[in-house]
Amino acid sequence: MKYLRIGCGTGFFEHQLSTEGADVTGIETIPPLLESANRRRRTQLMSIRFFQMSSLEMSRFLGPGFYNIISILNDRLILTHDEVLMKKFFFDCRNLLSDGGKLIFSIPNFEDSAGKSRISLPSRGSIRVRLDSEIVSRDGKWFLAQSIETGNGRIYPVSVDVPVMIITRAEILELARGAGFGTIEFFADFARRPLSSESPSVVAVLS
């Protein structure tokens with residue numbers, strides 16, 4: 001399997017796939033995360049590579065029709081906050097995928113966002129730390145704010161006023177069909193449970 005992860009972070013999941021025989025490419029824009037991902041490599045012979053690159057650049061440097069699976073997880077798709085660039089993203093993914101290849105992404109469920117000016121996203125964390133995220137509307141645009149709360153109760157800002165794009169299932173369908181995807185499936189999670197209006201997240205599988 002040839003796998004591309006957009007926004008690979010520290011590459012933990014990608015290294016797991018590589019040890020099972022997958023040919024893995026990860027791209028990331030944040031240098032410290034990329035450095036951590038490269039340090040995980042056990043040998044230079046592993047079929048895994050990481051590049052400092054954004055999704056806007058990937059069609060220039062990665063091979064068309066090469067990947068069986070492309071994924072962008074952890075809500076990072078909404079950081080593509082421009083409608084034209086979002087359309088380009090779907091076209092570029094379709095171009096990089098092989099015949100029968102799949103694009104998989106996860107985003108918050110924005111189906112009930114109409115009329116709201118503030119959206120709280122599900123917290124993520126571990127025993128030691130928790131990440132809280134909130135999206136706020138201002139002047140017709142949406143912005144993401146994130147903070148980390150440590151085990152001792154201290155709160156540190158991670159990001160402030162980061163532009164994001166609210167995208168619904170109807171908009172995903174339009175973008176996917178316009179880019180040439182023939183099958184679009186929606187789930188509540190990676191266990192493929194049915195999606196409902198109460199589901200906190202949307203997992204989309206396009207092929």
Side-chain angles (χ1 to χ4, degrees), residues 1-14 16-17 22 24-30 33 37 50-51 53-59 62 64-98 100-111 113 119 121-122 124 131 133 135 142 144 146 159 162-197 199-207:
M1 181 189 71
K2 297 177 177 66
Y3 174 76
L4 170 63
R5 171 77 176 274
I6 301 167
C8 62
T10 61
F12 178 80
F13 178 60
E14 289 66 44
Q16 296 297 312
L17 288 180
V24 179
T25 302
I27 64 174
E28 177 58 66
T29 58
I30 303 173
L33 296 180
F50 297 102
F51 302 110
M53 185 186 307
S54 74
S55 61
L56 301 179
E57 304 170 289
M58 62 186 184
S59 63
L62 303 179
F66 183 78
Y67 297 99
N68 306 120
I69 296 178
I70 298 175
S71 74
I72 177 167
L73 309 177
N74 300 324
D75 306 336
R76 291 190 68 166
L77 178 63
I78 66 173
L79 297 177
T80 306
H81 58 89
D82 179 270
E83 291 183 8
V84 174
L85 295 181
M86 186 69 79
K87 185 178 294 187
K88 177 185 184 309
F89 173 83
F90 278 80
F91 271 96
D92 288 349
C93 287
R94 178 61 268 178
N95 182 54
L96 292 173
L97 284 168
S98 62
K102 298 181 183 295
L103 169 62
I104 302 171
F105 60 85
S106 60
I107 60 171
N109 188 353
F110 294 122
E111 295 304 312
S113 62
I119 303 171
L121 304 185
R124 294 195 180 104
L131 176 68
S133 305
I135 298 176
W142 293 92
L144 171 68
Q146 293 181 302
S159 57
V162 176
V164 295
M165 181 174 175
I166 301 299
I167 182 170
T168 63
R169 275 178 284 171
E171 291 165 331
I172 293 170
L173 285 169
E174 182 178 352
L175 288 163
R177 289 169 178 160
F181 289 97
T183 302
I184 301 100
E185 299 176 281
F186 295 109
F187 304 99
D189 52 32
F190 291 100
R192 301 170 71 92
R193 281 187 274 263
L195 182 66
S196 71
S197 58
S199 304
S201 299
V202 175
V203 174
V205 181
L206 283 52
S207 58

- Query: Taking side chain as C-beta onward, heavy atoms only, is F89 less than 4.5 Å from L85?
  - Reply: no

- Taking the side chain from S71 and the backbone from F105, do they hold a donor-acceptor pair closer than 3.5 Å? no

- Using a 4.5 Å cut-off on heavy atoms from C-beta on, say whether the side chain of F110 contacts that of W142. no

- Would you check, one step at a time, whether the test side chain to side chain contact (heavy atoms under 4.5 Å, CB included) holds for S59 with F91? CA-CA 9 Å; S59 63; F91 271 96; over 6 Å; no

- Value rounded to 0.5 Å, distance of CD1 in I104 from CZ in F190: 7.5 Å

- Which pair of heavy atoms, one from A37 and one from G9, lies closest together, and at what distance? CB-O, 3.9 Å

- Find the distance between CD (E174) and CD1 (I184) and round it off to the nearest 0.5 Å. 11.5 Å

- Test T25 against M53 for side chain to side chain contact (heavy atoms under 4.5 Å, CB included), laying out the working first. CA-CA 11 Å; T25 302; M53 185 186 307; over 6 Å; no

- Picking from I135, L131, V162, what satisfies side-chain contact (heavy atoms from CB on, under 4.5 Å) with Q146? L131

- Note on the structure: Nearest heavy-atom contact between I78 and D75 is CG1-O, 3.1 Å

- Message: Using a 6.0 Å cut-off, check whether atom CD of E83 has over 12 heavy atoms from anything other than its own residue.
- Response: no

- Let me see the working for E111 and T168 under side chain to side chain contact (heavy atoms under 4.5 Å, CB included), right down to the final yes or no. CA-CA 6 Å; E111 295 304 312; T168 63; 3.5 Å; yes

- Query: Would you say K2 has more than 12 foreign heavy atoms packed within less than 6.0 Å of its NZ?
  - Reply: no

- Message: Within the 4.5 Å heavy-atom criterion, are L206 and L97 side-chain neighbours or not?
- Response: no

- For the student: nearest non-hydrogen atoms of Y3 and F13, plus distance: OH-CE2, 3.5 Å

- Note on the structure: Interatomic distance, CG@L79 vs CG@L144, rounded to 0.5 Å, equals 7.0 Å

- Query: Which of these passes side-chain contact (heavy atoms from CB on, under 4.5 Å) with N109: L121, I119, L195?
  - Reply: L195

- Compare all side-chain heavy atoms of L175 with those of I167 and state whether any distance is below 4.5 angstrom. yes

- Please step through side chain to side chain contact (heavy atoms under 4.5 Å, CB included) for the pair I72 and T80, ending with a clear verdict. CA-CA 11 Å; I72 177 167; T80 306; 5.6 Å; no

- Who are the ring-ring contact (aromatic ring centres under 6.0 Å, His included) partners of F50, not counting sequence neighbours? H15

- Does some side-chain heavy atom of E185 sit less than 4.5 Å from a side-chain heavy atom of S207? no

- Message: Between K102 and T183, is there a side-chain heavy-atom distance shorter than 4.5 Å?
- Response: no

- Query: Taking all non-hydrogen atoms of both residues, which atom of P194 and which atom of A188 are closest, and how far apart?
  - Reply: O-CB, 3.4 Å

- Message: Whether the side chain of D189 engages the backbone of R193 through a donor-acceptor N/O pair (distance < 3.5 Å, no angle test) should be reported.
- Response: yes

- For S106 and V203, work out which heavy atoms get closest and say how close. CB-CG2, 4.2 Å

- Message: So, taking the atom named CD1 in I70 and the one named SG in C93, what distance separates them when rounded to the nearest 0.5 Å?
- Response: 4.5 Å

- With rounding to the nearest 0.5 Å, note down the distance linking CD1 in I69 to OG in S98. 9.0 Å

- Decide, yes or no, whether a salt bridge links E28 with R76 under the criterion of side-chain N to carboxylate O below 4.0 Å. yes

- Query: With a 4.5 Å heavy-atom cut-off, do M1 and L17 have their side chains touching?
  - Reply: yes

- Query: Distance from I6 atom CD1 to N74 atom CG, nearest 0.5 Å?
  - Reply: 13.0 Å

- Query: With a 4.5 Å limit on heavy-atom distance, are the side chains of F51 and M58 in contact?
  - Reply: no

